[in-house]
Amino acid sequence: MSIQSKAKRDASRKRKSRERTVTISNSAPIEGHAELRDHQGTLLGGIARRDGEWVLGLDGQMVGGSDSAATILVMLKRAAAMHERAGTPAVLKFSDTLRDAANEEARMQGLSLEQFEARLDGEMAGPRVQPDPGQSASPH
């Protein structure tokens with residue numbers, strides 16, 4: 001390997017690194033609005049706002065987005081409850097902006113945020129299949 005080719009590769013890496021930095025810094029800003037952490041302070045999930053959309057991240061990955069602040073907040077609350085049920089105490093903190101947007105959205109639908117959450121939980125659970133009373137539970 002020649003010294004010149006190494007110098008060219010190094011220069012190319014620097015140029016590409018600068019291009020990535022410029023691309024990232026020119027993109028729309030991301031505003032953090034909620035975080036879910038375990039008792040050791042490890043980030044488990046969070047909500048950010050980017051380009052007018054609320055974005056949910058869990059376990060280091062973006063898992064969804066919505067125009068609905070109430071929906072995305074309920075989703076993170078569900079994630080917190082799942083961690084609690086699994087024995088991992090979790091602390092959820094969120095911004096006044098997110099709270100106010102979620103409350104306003106629920107209010108516009110004639111609901112409190114708690115009622116909105118209960119309705120969404122019901123929708124997410126889906127219809128439950130009831131066994132037909134005429135059928136036997138075990139085959140003969």
Side-chain angles (χ1 to χ4, degrees):
M1 169 173 27
S2 73
I3 294 173
Q4 289 179 338
S5 63
K6 182 180 180 324
K8 285 180 184 178
R9 273 196 317 280
D10 290 344
S12 176
R13 282 189 198 129
K14 280 185 179 180
R15 186 181 68 253
K16 287 179 183 176
S17 176
R18 272 187 261 126
E19 288 171 359
R20 271 191 303 243
T21 303
V22 169
T23 303
I24 291 169
S25 64
N26 286 340
S27 64
I30 298 173
E31 308 164 22
H33 283 278
E35 57 183 43
L36 178 63
R37 293 186 181 271
D38 67 10
H39 67 282
Q40 296 173 336
T42 303
L43 184 64
L44 303 171
I47 298 172
R49 187 154 170 96
R50 181 175 185 179
D51 292 333
E53 180 180 35
W54 298 99
V55 182
L56 175 65
L58 294 172
D59 296 324
Q61 296 190 21
M62 302 304 250
V63 294
S66 175
D67 292 332
S68 169
T71 298
I72 211 80
L73 181 55
V74 169
M75 298 294 281
L76 191 58
K77 284 182 173 185
R78 286 184 73 142
M82 287 172 52
H83 281 286
E84 292 283 339
R85 283 192 301 273
T88 305
V91 177
L92 174 61
K93 295 180 182 178
F94 47 90
S95 71
D96 293 342
T97 302
L98 176 58
R99 183 199 62 224
D100 293 346
N103 281 320
E104 178 64 15
E105 181 182 342
R107 187 187 68 74
M108 295 296 289
Q109 296 178 29
L111 304 169
S112 69
L113 186 56
E114 292 75 23
Q115 291 169 323
F116 181 95
E117 185 172 356
R119 185 184 74 192
L120 187 61
D121 281 343
E123 290 171 3
M124 293 176 77
R128 301 190 189 254
V129 177
Q130 299 294 325
D132 184 350
Q135 290 185 336
S136 172
S138 62
H140 292 267

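One is the number of the first residue; the rest follow in order along the sequence. Note that the structure is predicted; figures quoted are calculated from it, not measured.
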What's the separation between atom [atom1] in [X] and atom [atom2] in [Y], rounded to the nearest 0.5 Å?
X    : Y    : atom1 : atom2 : answer
L113 : E104 : CG    : CD    : 12.0 Å
L58  : M82  : CG    : CE    : 8.5 Å
T42  : R37  : OG1   : CZ    : 8.0 Å
F116 : T71  : CZ    : OG1   : 3.5 Å

**Item:** side chain to side chain contact (heavy atoms under 4.5 Å, CB included) involving E114 - partner list, sequence neighbours excluded
**Value:**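 Counting only residues at least two positions away or on another chain, E114 forms a side chain to side chain contact (heavy atoms under 4.5 Å, CB included) with S112.
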
Applying the 4.5 Å side-chain criterion to the ILVMFWY set and letting contacts propagate, would [X] and [Y] be lumped into a single cluster?
X    : Y   : result
L36  : V63 : yes
L44  : V74 : yes
M75  : V55 : no
V91  : L98 : no
M124 : I72 : yes

Can you confirm whether [X] sits close enough to [Y] that some side-chain heavy atom of one is under 4.5 Å from a side-chain heavy atom of the other?
X   : Y    : answer
L43 : E35  : yes
L92 : K77  : yes
R78 : L120 : no
W54 : L73  : no

**Item:** Ionic contact status for R119 with E123, cut-off 4.0 Å
**Value:**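 Yes, E123 and R119 are salt-bridged.
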
**Asked** Is E31 salt-bridged to R50, going by a charged N under 4.0 Å from an acidic O?
**Response**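 Salt bridge flag = no for R50 with E31.
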
**Message:** Tell me the closest heavy-atom pair linking A101 and A69, and the distance in Å.
**Reply:**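 Looks like CB-CB, 3.7 Å.
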
**Request:** Please report the closest heavy-atom contact between L111 and Q115, naming both atoms and the distance.
**Result:**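 Smallest heavy-atom distance, with atoms named: CA-OE1, 3.3 Å.
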
**Asked** Would you say the side chains of S68 and E105 form a donor-acceptor pair under 3.5 Å?
**Response**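 Their side chains do contain a donor-acceptor pair, which is all the 3.5 Å distance test asks for.
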
**Prompt:** Is there a donor in the side chain of H83 and an acceptor in the side chain of T88, or the other way round, less than 3.5 Å apart?
**Reply:**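 Their side chains do not contain a donor-acceptor pair, so the 3.5 Å distance test is not met.
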
**Message:** For E53, is there any backbone N or O sitting under 3.5 Å from a side-chain donor or acceptor partner on D51?
**Reply:**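 Judged by distance alone, no pair lies under 3.5 Å.
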
**Request:** List for me each residue that meets side chain to side chain donor-acceptor pair (under 3.5 Å) alongside T97, sequence neighbours excluded, and say none if there are none.
**Result:**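 Result, side chain to side chain donor-acceptor pair (under 3.5 Å) vs T97: none returned.
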
